[in-house]
J.: 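The structure under discussion is supplied below as C-alpha cells; questions concerning it will follow.
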Protein chains: 2
Amino acid sequence: MLTNSEENYLKEIYNLEEYFNTEINTNLIAKKIDAKASSVTDMLKKLANKDLLIYQKYKGVKLNTNGKKKALSVIRKHRLWETFLVEKLDFNWDEVHDIAEELEHIRSEKLTNHLDAFLNFPVVDPHGHPIPNKEGDFKKMETICLSNLGIKQEGVLVGVKNSSDTFLRFLSNKNISIGCKIKVVHKEEFDNSLSINIGNNQFNISENVANNLYLKK
Amino acid sequence: MLTNSEENYLKEIYNLEEYFNTEINTNLIAKKIDAKASSVTDMLKKLANKDLLIYQKYKGVKLNTNGKKKALSVIRKHRLWETFLVEKLDFNWDEVHDIAEELEHIRSEKLTNHLDAFLNFPVVDPHGHPIPNKEGDFKKMETICLSNLGIKQEGVLVGVKNSSDTFLRFLSNKNISIGCKIKVVHKEEFDNSLSINIGNNQFNISENVANNLYLKK
DNA sequence: ACTAATATTTAGACTAGCCTAAAAATATTT
DNA sequence: AAATATTTTTAGGCTAGTCTAAATATTAGT
Ligand SMILES: [Mn+2]
Ligand SMILES: [Mn+2]
Ligand SMILES: [Mn+2]
Ligand SMILES: [Mn+2]
C-alpha cells in the first residue's frame, strides 16, 4: 500500500522520465515535488526498498515496471477526475488540476473503473493528455508542436504541454482551446514569435507559447 | 485548515452528540475513531486550541458552533459522495461507506456545491440520512422506529440507523430496501422479535434488526 | 590535474498522529 | 467514608515526512 506522498513521487518521476527520456536526478525531483533535495533522497531510498525504482547513490533514479504501473494508475485517476470535473460538473480546464491532485489518491479500483465507464472511456483529458486504460495502456498521439509548423501550415489544437492554471487562463483569454484550427501566418526570425490565425482573429504569440501547443495536421 | 484526522474527530463527535444528546467522553470517541484513549486526549486538546470544541479535563467534550459547522461540512460531503456512487456509478448501498470516508476530505467547496447540483440537490443519502445543504441546514425527518410499531401497523422504510456493510448486506439479502412497505404481523413477547410482511413475503426479524429500521407512516 | 562550483547524501531535529505504561482523577461498592 | 474499579490524563516513545546544516561526491573551469 502506498502513501499519498509515495504516489506523488512516482507520478512526478514518471512525468520527468517521459519529458527528459533519461535518468532523473534528485534536484529535478525536488523542484517538481517542491521539497528539499535531502527529503527526496530519503524518499528515493524508501521507494527503492519497496521495489518501485532503481536507485544508486549519486547516479539518479529510474522507475522499474512495478513503479511505472503504480505511476500510471495515479495518472489515470488524475486525468479521469479532471475529465469528470470538466464534462460533468462544469469546471473550466484551468480549475481542475489542484482538485485532481487530491482525488487521484482515492484508493478504490472499482471507483476508478466505474468512473471511467460513466465518462464513456475517454482517451484524453481536458488538456489533451492521454488517459491510460485499466491495464495502463494508452496511445501516444502523433502530434506536432506549433513551433515546428511552417508558414501557411495549419492544424487542430489537440493538447497543451504546460498545463499550469496561468497558462490555461492565458489561452482561455485569447480564446484558444482544444479543437481550434490554428494557422501560422508569419514567423518572426528575430525571436521566433508567431503570427497565427484562429477563426477570424489574427494575433501574435511568443515562441514559449508555441512550444506548449500541440497540433494534429 | 483541518487535517483529515481532525475532520474525522469532529464528524464522529458530532454523530455521538446527536446519538446520545449529552457531553461526549473520551472512551466513546476512542471506540468510534478506533484509537486509544490517550490519543483522543491529545487530539481533544488540539481541537480545543483551534476553537472547535469545549474541553475540560475529565469532564468530556462538546462541539462549539465552529466545530459543528466543520462537522456538518464533512457529513455533507460524505453523504453527497455516497449518493453519487449509488446514483451515478451503480454502486450498492453497502459498498459506498469506505470510499466516502476518503472522498469526504476533498477540500474544494466549489466541487461539493457543483456535485450537489449535479445530483439535483438530494435531501437524503442512500441510507436515508439527511444531507445538509450549503449552509449546513437539514430537515430532521419525522420517523418512527420499526420496533415501536404496533401489531397490524405499517409504514414505508425511509432510513437505517446502523449502516455497517454487514447490516446493509443482510437487508439486501432479505430484499429489504429504502421505500419498502413493511407491516408488523406479530410481535413475540419473549424476545420482542417481529414477524413482518414485505410485498408477498412474511418473515421474522430480531428486535436488534427492528431497532435499526426507521419508517414513515 | 587541481581547484572551484554544484549536486547529493548524511546527521540531527521537528511535527502530526499514533502507541504503551504509569499516574491521577472520578465513580462505584462495600 | 474507605476501598476498589474505572476513566482519563500524562510521560515518553515510535514512524512518516519534512527541514537545515554539514559532509562528501561529482562535474566543470582553468
Ligand atoms: Mn492536472
Ligand atoms: Mn490534465
Ligand atoms: Mn457512510
Ligand atoms: Mn450514509
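In the text below, chain A, chain B and the rest are named by the order of the sequence lines, each starting its count at 1.
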J.: A:D42 near the nucleic acid: base, sugar-phosphate alone, or nothing, with a heavy-atom cut-off under 4.0 Å?
T.: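 Contact class for A:D42: base.
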J.: Of A:K57 and A:A37, whose closest DNA chain D nucleotide lies nearer the 5' terminus?
T.: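 It is A:A37, whose closest nucleotide lies nearer the 5' terminus.
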J.: For A:K45 and D:dA16, what is the distance between atoms NZ and C1' respectively, to the nearest whole Å?
T.: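 After rounding, the reported distance stands at 15 Å.
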J.: It should be established whether B:Y9 places a side-chain nitrogen or oxygen under 4.0 Å from OP1 or OP2 of nucleotide C:dC18.
T.: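 For C:dC18, OP1 or OP2 has a side-chain N or O of B:Y9 closer than 4.0 Å.
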J.: Rounded to whole Å, how long is the line connecting atom CD of A:Q56 with atom P of C:dT9?
T.: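 Value for this atom pair: 11 Å.
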J.: Between A:S39 and D:dT18, does any side-chain N or O lie under 4.0 Å from OP1 or OP2?
T.: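 For D:dT18, neither OP1 nor OP2 has a side-chain N or O of A:S39 closer than 4.0 Å.
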J.: Tell me if the centroids of the rings in A:Y19 and A:Y14 come within less than 6.0 Å of each other.
T.: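 No, the ring of A:Y19 stays outside the 6.0 Å limit from the ring of A:Y14, centre to centre.
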J.: Is B:S38 side chain donor-acceptor paired with the C:dT20 base, going by distance under 3.5 Å alone?
T.: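 Per atom types, the contact qualifies.
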J.: Looking for any heavy atom pair under 4.0 Å, which part of the strands does A:S5 touch: base, sugar-phosphate only, or nothing?
T.: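 It contacts sugar-phosphate atoms only.
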J.: For the pair B:H127 (side chain) and B:S163 (backbone), establish whether a donor and an acceptor sit closer than 3.5 Å, ignoring hydrogens and angles.
T.: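 Not a single qualifying donor-acceptor pair exists.
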J.: Quick check: are there more than 12 heavy atoms from other residues, nucleotides or ligands sitting under 6.0 Å from NZ of B:K70?
T.: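 Counting neighbours around NZ of B:K70, 12 or fewer heavy atoms of other residues, nucleotides or ligands fall under 6.0 Å, so no.
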J.: Between B:K36 and C:dT20, is there a contact of a side-chain N or O with OP1 or OP2 at under 4.0 Å?
T.: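 So the side chain of B:K36 is within the cut-off, an N or O lying under 4.0 Å from OP1 or OP2 of C:dT20.
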J.: May I have the distance from A:Y58 (atom OH) to C:dT10 (atom P), rounded to whole angstrom?
T.: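 After rounding, the reported distance stands at 6 Å.
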J.: Within the supplied structure, the quantity of interest is the number of heavy atoms (other residues, nucleotides, ligands) at a distance under 6.0 Å from A:Q56 CD; does it exceed 12?
T.: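 Atom CD in A:Q56 is not crowded, with 12 or fewer foreign heavy atoms closer than 6.0 Å.
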J.: Roughly, in whole Å, what's the span from OH in B:Y55 to P in D:dT10?
T.: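 Between P of D:dT10 and OH of B:Y55: 6 Å.
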J.: Measure the distance from CG on B:N25 to C1' on C:dA27 and round it to the nearest whole Å.
T.: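 Taking CG of B:N25 and C1' of C:dA27, I get 12 Å after rounding.
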J.: So, A:N211 and A:S147: side-chain donor and acceptor under 3.5 Å apart, yes or no?
T.: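 Note: A:N211 and A:S147 side chains meet the donor-acceptor criterion.
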J.: Quick one: A:I29 CD1 to D:dT18 C1', roughly how many Å, whole number?
T.: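 The distance from CD1 of A:I29 to C1' of D:dT18 comes to 16 Å, rounded to the nearest Å.
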J.: Looking at every strand, decide which applies to A:K59 at a 4.0 Å heavy-atom threshold: base, sugar-phosphate, or nothing.
T.: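 If one applies the 4.0 Å heavy-atom cut-off, A:K59 turns out to touch nothing in the nucleic acid.
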J.: Nearest-Å distance, CE (B:M43) to C1' (C:dC18)?
T.: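 From B:M43 CE to C:dC18 C1': 10 Å.
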J.: Provide, to the nearest angstrom, the distance between the NZ atom belonging to B:K31 and the P atom belonging to D:dT6.
T.: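 Whole-Å distance recorded here is 13 Å.
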J.: Applying the Watson-Crick and G-U wobble criteria at under 3.5 Å, what pairs with C:dT30? Answer none if nothing qualifies.
T.: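 When the pairing criteria are applied, D:dA1 turns out to be the nucleotide that pairs with C:dT30.
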J.: Categorize A:T26 for me: base, sugar-phosphate, or nothing, with a 4.0 angstrom heavy-atom threshold over every strand shown.
T.: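 Contact class for A:T26: sugar-phosphate only.
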J.: OP1 or OP2 of D:dT8 sitting under 4.0 Å from any side-chain N/O of B:N27?
T.: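 B:N27 to D:dT8 OP1/OP2: side-chain N or O found under 4.0 Å.
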